[in-house]
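Reading through the structure tokens given below for one structure.
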Protein chains: 2
Amino acid sequence: MAQAAVPYWRAHNRDTPPTMTDPTSGFDLETFLPYLLNQAAEATSHGFQTVYRDRYGFTRTQWRVLANLGKFGAMTARDICAISHIEKTKVSRAVAALEQGGMLSRTPSETDRRAEVLSLTGKGRTVFAELGSLAVGFDRQLRETLGPEKAETLVTLLRRLIGGAPATDGLDD
Amino acid sequence: MAQAAVPYWRAHNRDTPPTMTDPTSGFDLETFLPYLLNQAAEATSHGFQTVYRDRYGFTRTQWRVLANLGKFGAMTARDICAISHIEKTKVSRAVAALEQGGMLSRTPSETDRRAEVLSLTGKGRTVFAELGSLAVGFDRQLRETLGPEKAETLVTLLRRLIGGAPATDGLDD
DNA sequence: TTGACTTGGTTGCATCCGCAACTATAAACC
DNA sequence: GGTTTATAGTTGCGGATGCAACCAAGTCAA
């Protein structure tokens with residue numbers, strides 16, 4: 001029950017309290033993690049989205065696929081799915097669009113004729129470098145909102161949620 | 001740089017390291033907050049989404065609007081936008097769908113003839129109560145993944161990101 | 001009052017997404 | 001081998017979304 005000092009809704013432009021009837025269940029929307037995570041994701045992604053949308057017409061998924069390829073190097077669509085937890089159809093379409101835009105190229109896998117190895121083209125790497133450096137600045141701003149240790153903590157907690165790992169995995173406190 | 005023990009990609013079903021070329025910029029996708037937040041939001045929301053989708057055919061936005069009305073009581077669409085940070089067109093359509101389904105009713109505002117006060121019907125409250133109690137259980141599971149204090153910390157940090165508040169607002173540590 | 005501007009809310013349209021179905025290849029089992 | 005099952009990736013289609021344009025009502029000021 002930390003931080004109940006600012007009544008939350010007061011921070012926004014209501015001037016009457018939302019009456020807060022909460023009829024029965026002990027459900028508390030204000031601390032419901034999926035809800036908060038969605039809001040935070042939307043809030044933080046929206047700002048950076050305008051950058052890659054306005055500059056390159058990328059969709060969010062396209063940017064993410066590009067970023068994965070830029071960060072980790074050539075790999076198959078399946079690998080991107082596994083690493084990024086993006087649905088395979090989204091990846092498929094993003095790859096098609098990025099290829100269309102000359103950002104990446106496909107080469108058939110030598111070990112699996114179903115799979116194709118995806119790698120950024122020179123243009124793709126250039127674009128990734130530019131967006132990457134912009135992303136660094138954007139991320140720094142977000143972290144300043146939290147403070148450096150808090151930001152690290154957040155990263156750890158998010159990873160744990162993403163991986164679905166149990167709480168008893170070493171680091172606690 | 002906490003928690004580099006498990007190489008991240010190894011947790012997923014790759015067996016070759018993604019080569020990790022990261023050409024130039026210091027951009028680190030693995031700690032990029034918008035990216036992690038999106039993954040976490042997607043991962044945590046997806047599970048519960050099946051609950052309200054299968055039971056009531058709700059979309060995520062519809063569930064969220066219902067939850068806000070259930071939690072805070074009657075208010076206008078504008079208030080929902082302000083509190084939840086959902087785009088107003090999304091809210092508009094969700095409200096229409098919920099009304100269509102008999103979950104809420106609109107009454108013209110007495111102070112502003114443009115606005116309509118939205119309130120859950122009896123059916124809406126019933127549905128909210130059921131989904132709310134399911135949500136409680138779902139949230140508890142997520143929190144067990146993190147541990148109670150960590151979960152509280154996460155809530156605090158997410159709120160700060162959502163509100164865009166500066167780091168110097170009282171509580172630190 | 002009039003007029004300029006803001007704001008609550010909806011709608012058109014293009015796009016994106018989710019899910020299921022599908023093709024083609026690989027693996028597993030006999 | 002041959003048969004069954006699993007996997008990499010694409011596509012069709014209905015539905016959800018984002019953005020801009022819009023309408024109607026409120027606000028502010030002369």
Side-chain angles (χ1 to χ4, degrees), chain A residues 12-16 38 41-43 45-50 52-54 56-65 74-101 104-118, chain B residues 12-15 38 41-43 45-50 52-54 56-65 74-101 104 106-118:
Chain A
H12 310 289
N13 46 7
R14 297 203 71 186
D15 38 30
T16 73
N38 263 293
E42 200 47 49
S45 295
H46 195 270
F48 193 60
Q49 180 172 28
T50 66
Y52 52 71
R53 184 169 40 70
D54 293 353
Y56 301 108
F58 288 162
T59 197
R60 193 176 296 183
T61 310
Q62 282 163 252
W63 149 245
R64 290 212 245 164
V65 168
M75 56 183 166
T76 71
R78 173 189 156 285
D79 293 331
I80 296 178
C81 291
I83 291 182
S84 65
H85 295 114
I86 307 178
E87 310 276 333
K88 65 177 183 174
T89 72
K90 263 204 277 191
V91 170
S92 175
R93 287 190 248 247
V95 165
L98 289 171
E99 184 190 31
Q100 178 82 11
L104 63 79
S105 63
R106 320 157 106 122
T107 48
S109 165
E110 299 184 355
T111 63
D112 187 339
R113 263 181 300 174
R114 294 171 301 181
E116 289 173 309
V117 176
L118 310 167
Chain B
H12 310 290
N13 46 5
R14 298 203 68 183
D15 36 30
N38 263 291
E42 201 48 49
S45 296
H46 195 269
F48 192 60
Q49 180 172 28
T50 68
Y52 53 71
R53 182 168 42 70
D54 293 353
Y56 302 107
F58 288 161
T59 198
R60 195 177 295 182
T61 310
Q62 280 162 256
W63 149 244
R64 290 212 245 163
V65 167
M75 56 182 165
T76 69
R78 173 191 156 285
D79 293 331
I80 296 179
C81 291
I83 291 182
S84 67
H85 296 114
I86 307 178
E87 309 276 333
K88 65 176 182 175
T89 72
K90 264 205 276 192
V91 170
S92 175
R93 287 190 249 247
V95 165
L98 288 171
E99 184 190 29
Q100 178 83 11
L104 62 81
R106 318 156 109 123
T107 49
S109 164
E110 299 185 357
T111 63
D112 187 337
R113 263 180 299 174
R114 294 170 300 180
E116 288 173 309
V117 178
L118 310 167

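Per chain, numbering begins at 1; letters A, B, ... match sequence-line order.
Spacing between atom CG of B:D112 and atom C1' of C:dT7 amounts to 8 Å, rounded to whole angstrom units. Atoms CZ (B:R53) and P (C:dC17) sit 17 Å apart, rounded to a whole Å. A:E42 has its CD atom 10 Å from the C1' atom of D:dG18, to the nearest Å. The distance from atom CE of B:M75 to atom P of C:dG9 is 11 Å, rounded to the nearest whole Å. The distance between atom OH of A:Y52 and atom P of D:dG18, rounded to the nearest whole Å, is 12 Å. Separating the CZ atom of B:R78 from the P atom of D:dG26 is a distance of 14 Å, rounded to the nearest angstrom. If you measure from atom CZ of B:F58 to atom C1' of D:dT17, you get 19 Å, rounded to the nearest angstrom. With rounding to whole Å, B:E87 atom CD is found 15 Å from C:dC16 atom C1'.
Across B:T61, B:I80, B:T59, B:V95, a single residue satisfies side chain to side chain contact (heavy atoms under 4.5 Å, CB included) together with B:K90, and that is B:T61.
Within 4.0 Å of B:T89, counting heavy atoms only, lies at least one base atom of the nucleic acid. Nucleic acid contact for A:K88: base, since at least one base atom lies under 4.0 Å from a heavy atom of the residue. Within 4.0 Å (heavy atoms only), A:R60 reaches no atom of the nucleic acid at all. Residue contacts for A:S109: at a heavy-atom cut-off of 4.0 Å it reaches no nucleic acid atom on any strand shown.
In summary, A:R60 and A:E42 engage in a salt bridge, as defined by a charged side-chain N under 4.0 Å from a carboxylate O.
Nearer the 5' end of DNA chain D, as judged by each residue's closest nucleotide, is the contact made by A:R93, out of A:Q49 and A:R93. Nearest-nucleotide mapping onto DNA chain C: of B:H46 and A:G57, the residue sitting toward the 5' end is A:G57. Along DNA chain D, the nucleotide closest to A:T50 and the one closest to A:A115 are compared, and the more 5′ of them pairs with A:A115.
Residues B:I86 and B:R64 are in side-chain contact: their nearest non-hydrogen atoms beyond the backbone lie under 4.5 Å apart.
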I'd like to know whether A:E99 forms a side chain to side chain contact (heavy atoms under 4.5 Å, CB included) with A:R106, so could you lay out the CA-CA distance, the side-chain angles of the two residues, the decisive distance to 0.1 Å, and finally the verdict.
CA-CA 8 Å; A:E99 184 190 31; A:R106 320 157 106 122; 2.6 Å; yes
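One N or O on the side chain of A:S45 and one on the backbone of A:A41 form a donor-acceptor pair closer than 3.5 Å.
The nucleotide whose nearest atom lies closest to any side-chain atom of A:K90 is, among D:dT10, D:dG18, C:dC17, C:dC17. The side chain of B:T76 has C:dG9 as its nearest neighbour among C:dG9, C:dC19, D:dA8. Closest to the side chain of A:R113, from the set C:dC17, C:dA26, C:dG8, is C:dA26. The side chain of A:S92 lies closest to D:dG9 when the candidates are D:dA16, D:dG9, D:dC13. Proximity note for A:R114 (side chain, C-beta onward) versus C:dG9, C:dG18, D:dT7: the nearest is D:dT7.
The base of C:dG9 is not paired with the side chain of B:R106 by any donor and acceptor separated by under 3.5 Å.
In this pair, B:Y52 and B:W63 present their aromatic rings parallel. The plane angle is below 30°, not in the 30 to 60° band.
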